[in-house]
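All remarks here apply to the structure that follows.
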2 protein chains.
Amino acid sequence: MTDQGIELAVSTVIFALRPHPTTGETTLWLPLVRRIRQPHEGRWALPGGPLLPDEDLAASARHTLERTTGLSSSYLEQLYSFGAVDRSPQRVVSIVYWALVRSDEVAGAVDGENVQWCVADEIPELAFDHDGIVQYALNRLRAKITYSPIARFFLSPEFTLAELRAVHEAVLVKRIDPANFRRQALATKTLVPTGSQLTGTSHRPPALYRFQVTSSDRNPR
Amino acid sequence: MTDQGIELAVSTVIFALRPHPTTGETTLWLPLVRRIRQPHEGRWALPGGPLLPDEDLAASARHTLERTTGLSSSYLEQLYSFGAVDRSPQRVVSIVYWALVRSDEVAGAVDGENVQWCVADEIPELAFDHDGIVQYALNRLRAKITYSPIARFFLSPEFTLAELRAVHEAVLVKRIDPANFRRQALATKTLVPTGSQLTGTSHRPPALYRFQVTSSDRNPR
DNA sequence: ACAAAAGTGTTAATTTTACACCCATGA
DNA sequence: TCATGGGTGTAAAATTAACACTTTTGT
């Protein structure tokens, strides 16, 4: 009832796919922001900010995402809430979201003054307990992509099965048999062929697909 | 940085197994508390309370559990955080946990003045969005019991495979083949036979098992 | 014609499911 | 000895995984 004086913040782990700087392989990246005040001043941290009184939790995450990257998310899901007592002099409860950004959007993004994109598996030491949070988000993404069709949120609405498979391979960092992947993907019945093909390749033109829009797309949770 | 004046509360969905009042079948139950002030005064709601400044999130959930039921939880996991702007005149962000209580503990519990245990699938209309939260917790429990050995948290440390199976059957509300269940359970290698048997049954005495204690028991998340 | 990826077919291995049947105990 | 669940065996069915092979394009 009475005010507890606990600060509420919302942070977001933002995932996007980009080529790895050395290997060139498509890899998971995420943006970090440099802290410009105490505590942990100068350290890299997850983008976030205080929850505004008239802002939904998810809206807060979306705003942070737009503010720090200039991008919009194609998928957003709550990850976990952290609120250990010892986090800092002023007690903070952080509600953390994770988000996916489409590759065609992220291609045009550039690092800002205090924003830097990092390869997800090569993160520097972060402020607070953000290392653990990133690891937790990575686990969640990798687990979820294996049983849920979230891979599509990295892609444009129309895509080939090879592109969809490439997303899985990049996220899970392992090769996947194209023939079996195709059958599994089509067996879900969530994939609809558009009828058209992707031309301009130096091989047989692949068919284009799109995902069926389901009602659960609005309430992922 | 500045105080936002948002109230922080922690609620808990507490599950226990008891016989169904009419069918006698072992069924999922959960305790509800009657609200004694506005908003939603008189309505049933999930047990919970404001987060104290020096209290961990999980500790808050545990305290609520003990306060309202007089019991302790054998398992506690964060469920979700809710914080829509429209929840009430005073904005509240609720961090919700779910908990399991052992059957031998709950047997001795009695309903208090403003506490009532209800069959989980026959919940009355609740205050706030608590109906949805209960449903979400039920989904989570039913999903998790199929891939994680949480069923044991309803049981005493030593139990028979039939008792373990009965927990699965009660939670999922469906019959499970005893032979196949046994093999699956033993295949996980998390089950250790104690060497002793349960006597006093009017049939072949079943072997007693206990679960291996793993390090992940401390950080379920 | 050749390379390269799209797409199809086939089989082995593994996991899941169904159910028959023997075992050990109390009544 | 009978009823009752404990516990084992086994085979069909479904799923997963591995890989050969055919198709269609650009060069």
Side-chain angles (χ1 to χ4, degrees), chain A residues 19 24-26 142-149 151-152 155-156 158-211, chain B residues 19 24-26 103 142-143 145-149 151-152 155-156 158-211:
Chain A
E25 297 267 312
T26 303
R142 288 179 170 144
K144 188 146 190 172
I145 205 174
T146 62
Y147 66 84
S148 163
R152 70 177 194 269
L155 300 172
S156 346
E158 294 197 5
F159 51 86
T160 69
L161 284 175
E163 288 168 338
L164 188 66
R165 176 167 49 85
V167 171
H168 279 81
E169 293 183 332
V171 169
L172 299 173
V173 199
K174 74 166 189 188
R175 301 264 127 239
I176 298 172
D177 182 291
N180 294 332
F181 179 84
R182 149 184 300 273
R183 268 183 296 253
Q184 274 181 245
L186 294 177
T188 65
K189 300 291 180 193
T190 57
L191 238 32
V192 183
T194 66
S196 50
Q197 303 183 313
L198 181 68
T199 56
T201 62
S202 78
H203 56 270
R204 177 172 172 175
L208 286 168
Y209 293 83
R210 62 170 64 249
F211 264 97
Chain B
E25 297 267 312
T26 304
S103 299
R142 289 179 170 143
I145 205 174
T146 62
Y147 66 84
S148 164
R152 71 177 195 269
L155 300 172
S156 344
E158 295 198 4
F159 51 85
T160 69
L161 284 175
E163 289 167 339
L164 188 65
R165 175 166 50 84
V167 172
H168 279 82
E169 294 184 332
V171 169
L172 299 173
V173 199
K174 73 166 189 189
R175 302 264 126 238
I176 298 172
D177 183 292
N180 294 331
F181 179 83
R182 148 183 301 272
R183 268 183 295 253
Q184 274 181 247
L186 294 177
T188 64
K189 300 291 180 192
T190 57
L191 239 29
V192 183
T194 66
S196 50
Q197 302 182 316
L198 182 67
T199 55
T201 61
S202 79
H203 56 268
R204 178 172 172 176
L208 287 168
Y209 293 83
R210 61 170 65 250
F211 264 97

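Lettering of chains follows the sequences in order, A, B, ..., and the numbering in each one begins at 1. This is a predicted model, so every value here is computed, not measured. Hydrogens, waters and symmetry mates play no part in the numbers below; they use all other heavy atoms, side chains included.
Distance alone, capped at 3.5 Å, is enough to place a donor-acceptor pair between the B:Thr194 side chain and the B:Leu208 backbone. Between the B:Arg152 side chain and the B:Leu164 main chain, no donor and acceptor come within less than 3.5 Å of each other.
Here D:dG7 presents its C1' atom at 10 Å from CG of B:Leu186, a figure rounded to the nearest Å. Computed from coordinates, the B:Gln197 CD to C:dC23 C1' distance equals 12 Å when rounded to whole Å. Counting to the nearest Å, the P atom of D:dG7 and the CG atom of B:Leu198 are 10 Å from each other. Note: CG (A:Leu208) to C1' (C:dA6) measures 13 Å, nearest angstrom. Rounding to whole angstrom units, CD of residue A:Glu163 and P of C:dA5 are separated by 14 Å. If you take CZ of B:Phe159 and P of D:dG5, they are 20 Å apart, rounded to a whole angstrom.
You'll find the side chain of A:Glu25 stays beyond 4.5 Å of the side chain of A:Val173, heavy atoms only.
Taking NE2 of A:His168 as the reference point, atom CD1 of A:Ile176 lies at 6.0 Å (rounded to 0.5 Å). The structure places CG of B:Leu161 at 9.5 Å from CD of B:Glu163, a figure rounded to the nearest 0.5 Å.
Shown here are the salt bridge (Lys or Arg N to Asp or Glu O under 4.0 Å) partners of A:Arg183, two or more places apart in sequence or in another chain: there are none. Every side chain to side chain donor-acceptor pair (under 3.5 Å) that B:Thr190 has, sequence neighbours left out, goes to B:Thr188. Remark: A:Phe211 pairs with A:Phe159 by the ring pair (Phe, Tyr, Trp, His ring centres under 6.0 Å) rule, at least two apart or across chains. Scored by the salt bridge (Lys or Arg N to Asp or Glu O under 4.0 Å) test, A:Arg204 finds no partners at all (sequence neighbours excluded).
No contact: B:Thr199 has no heavy atom under 4.0 Å from any strand. As judged by a 4.0 angstrom heavy-atom cut-off over every strand, B:Thr201 is placed among residues touching the sugar-phosphate backbone only.
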### Query
How does each nucleotide of nucleotides 15-24 of chain D score, in 5' to 3' order, for protein heavy atoms under 4.0 Å: base (B), sugar-phosphate only (S), or none (-)?
--BBB---BB
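Non-hydrogen atoms lying under 4.0 Å from DNA chain D are contributed by B:Arg165, all within residues 165-175 of chain B.
For D:dT8, the OP1/OP2 oxygens have a side-chain nitrogen or oxygen of B:Arg182 closer than 4.0 Å.
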